[in-house]
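These notes concern the structure reproduced below.
Only heavy atoms go into these numbers, but all of them, side chains included; no hydrogens, no water, no symmetry mates. A note on names: the letters A, B, ... follow the listed sequences, proteins ahead of strands, and every chain is numbered from 1.
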Number of protein chains: 2
Amino acid sequence: MADRGRPRSFDRTEALERAMQVFWKKGYEGASLNDLTAAMGIGCPSLYAAFGSKENLFLEAIAHYESVVGTEIWEAIEKAPTARAAMQDFLHATVEAYSSTDSPRGCLIALGALHQDSSSGRICADLRRRRAENIDTLRRRLQRGVMEGDLPAAFDCNAAALFYATTQNGMSILARDGASREALAAVAEGAIAAFQPLADKANIRAPHGP
Amino acid sequence: MADRGRPRSFDRTEALERAMQVFWKKGYEGASLNDLTAAMGIGCPSLYAAFGSKENLFLEAIAHYESVVGTEIWEAIEKAPTARAAMQDFLHATVEAYSSTDSPRGCLIALGALHQDSSSGRICADLRRRRAENIDTLRRRLQRGVMEGDLPAAFDCNAAALFYATTQNGMSILARDGASREALAAVAEGAIAAFQPLADKANIRAPHGP
DNA sequence: TCCTTTCTGTAACGATCGATACAGAAATAC
DNA sequence: GTATTTCTGTATCGATCGTTACAGAAAGGA
């Protein structure tokens with residue numbers, strides 16, 4: 001419907017990718033329109049014509065992040081044969097992603113906008129919802145482990161999901177502080193070490209299942 | 001030396017306390033001078049005369065935070081009889097502090113300013129140093145456990161310190177998202193569950209010590 | 001070719017940012 | 001009392017914030 005008129009002089013997806021990088025590095029509040037337009041290589045009116053507002057641009061950048069960057073981490077947990085391997089692969093993929101040198105350290109969804117009272121409410125709500133979805137994804141994978149028999153029926157999937165998601169969020173801060181891959185891997189190993197005791201605790205509570 | 005002239009009409013420490021609350025809730029960038037002066041009950045010139053700048057006010061607020069709020073959490077690990085109990089008490093104190101309803105959720109040092117490229121460099125450097133010191137404190141307590149014999153000599157104190165500090169940082173994000181005390185406690189239990197396997201791993205590697 | 005449509009670049013909008021100039025108020029020193 | 005010193009309230013500074021008016025440029029449709 002819009003094949004008339006002067007065509008857009010830039011690639012919208014590539015511009016969104018550049019904007020995502022800026023938000024990733026500086027956060028929502030810290031990324032100014034000057035930063036964004038400079039990185040995207042366009043002017044302010046082009047940005048507003050293509051994305052509506054800084055807020056909408058951020059929301060699109062987050063969606064782009066989840067569909068491109070986050071994929072590697074989260075698809076690992078579905079492929080893993082057991083729930084334990086899923087948590088293991090999930091954390092190891094996180095270590096690799098967060099220690100990459102050609103992207104900002106840590107997770108955009110974890111670090112993008114943490115202070116609701118100062119950032120836009122929609123921004124914070126969106127990120128919060130995505131963080132909650134991450135917990136849900138982990139919990140569902142653990143529940144699948146219960147269904148498939150590699151976890152005891154009394155295993156507290158919710159508690160374990162909270163624990164592993166929280167470990168990953170903490171790793172974002174550690175990575176942002178410049179931690180080495182070895183340091184991030186040490187954290188992952190610590191969290192993985194908790195898995196067997198958590199499963200054992202469920203067996204002790206209900207050794208033969210409910 | 002400054003007992004002449006018009007006396008200050010407000011209590012400096014109380015004003016600093018109020019400013020700390022604002023920074024805690026909104027972060028460094030999100031806290032405007034309007035927010036700060038309104039909460040402190042003073043005008044801009046009084047703020048600048050007493051604290052120098054927003055940056056210095058934040059640095060003083062952080063120091064105040066560590067000397068007042070953080071104390072409860074960190075002194076627990078020195079009192080504990082064993083390294084394991086120290087980690088346990090440390091995390092449980094964190095659960096209580098982060099689930100308090102009469103203060104902002106999570107830790108000011110963890111959440112105050114995460115994006116170096118947008119926030120002031122001094123601010124980020126100060127918070128980073130304090131986060132690194134927290135890791136050091138945990139490591140030294142674990143090393144004390146090795147010295148006192150309640151941990152194997154091959155125990156990786158550095159790795160465990162990174163793991164528990166990272167767990168706490170993740171709990172800041174979880175708390176900021178509105179998690180219940182039970183959810184925070186579940187994360188703490190997960191991290192505590194890792195302790196025995198981490199100690200066992202050290203025993204397997206060097207069962208009789210080096 | 002001219003018209004319509006859409007995008008681009010400049011330039012600026014009002015609002016807010018952190019930070020101050022200035023004059024008056026409130027204390028001590030003499 | 002007057003002089004001196006320091007703090008307070010108003011009002012504002014220049015800079016930057018996110019956003020937009022406006023005019024010209026670049027395409028298709030006639």
| For the residue pair B:Phe90 and B:Trp74, does the interplanar ring angle fall in the parallel (under 30°), tilted (30 to 60°) or perpendicular (over 60°) class? | tilted
| task | Return the value, rounded to whole Å, for the distance between atom CE of B:Met40 and atom P of D:dC7. | result | 14 Å
| How many Å lie between NZ on A:Lys26 and P on D:dT16, as a whole number? | 13 Å
| Could you state the CZ-P distance from A:Phe51 to D:dG18, rounded to the nearest angstrom? | 16 Å
| query | In whole Å, what is the span from the CD1 atom of B:Ile42 to the P atom of C:dA25? | reply | 21 Å
| field | Geometric cation-pi criterion B:Lys201 and B:Phe155, 6.0 Å radius, 45° cone | value | no
| Pair B:Ser32-B:Asp35, side-chain donor/acceptor within less than 3.5 Å | yes
| A:Asn56 has an atom CG; how far is it from atom C1' of D:dT19, in whole Å? | 13 Å
| query | Would you say D:dC7 has OP1 or OP2 under 4.0 Å from some side-chain N or O of B:Ser9? | reply | no
| request: Round to the nearest Å and state the distance from B:Leu47 atom CG to D:dT8 atom P. | output: 11 Å
| Do B:Phe58 and B:Phe51 make the cut of ring centroids closer than 6.0 angstrom? | no
Just list the side-chain donor-acceptor pairs under 3.5 Å for residues 36-46 of chain B, sequence neighbours left out, or say none.
unit_1	atom_1	unit_2	atom_2	d
B:Thr37	OG1	B:Leu33	O	2.8
B:Thr37	OG1	B:Asn34	O	3.3

| Once you round it to whole Å, what is the distance between P of D:dT5 and CZ of B:Arg4? | 6 Å
| field | Phosphate OP1/OP2 of D:dT20 contacted by A:Tyr48 side-chain N/O (<4.0 Å) | value | no
| query | For B:Arg6 and C:dA26, what is the distance between atoms CZ and P respectively, to the nearest whole Å? | reply | 6 Å
Report each atom pair, protein N/O against N/O of nucleotides 10-17 of chain C, whose distance is under 3.5 angstrom.
none

| request: Starting from the C-alpha separation in whole Å, work towards a yes-or-no answer on side-chain contact (heavy atoms from CB on, under 4.5 Å) for A:Gln168 and A:Ile73. | output: CA-CA 11 Å; A:Gln168 191 194 37; A:Ile73 293 178; 3.8 Å; yes
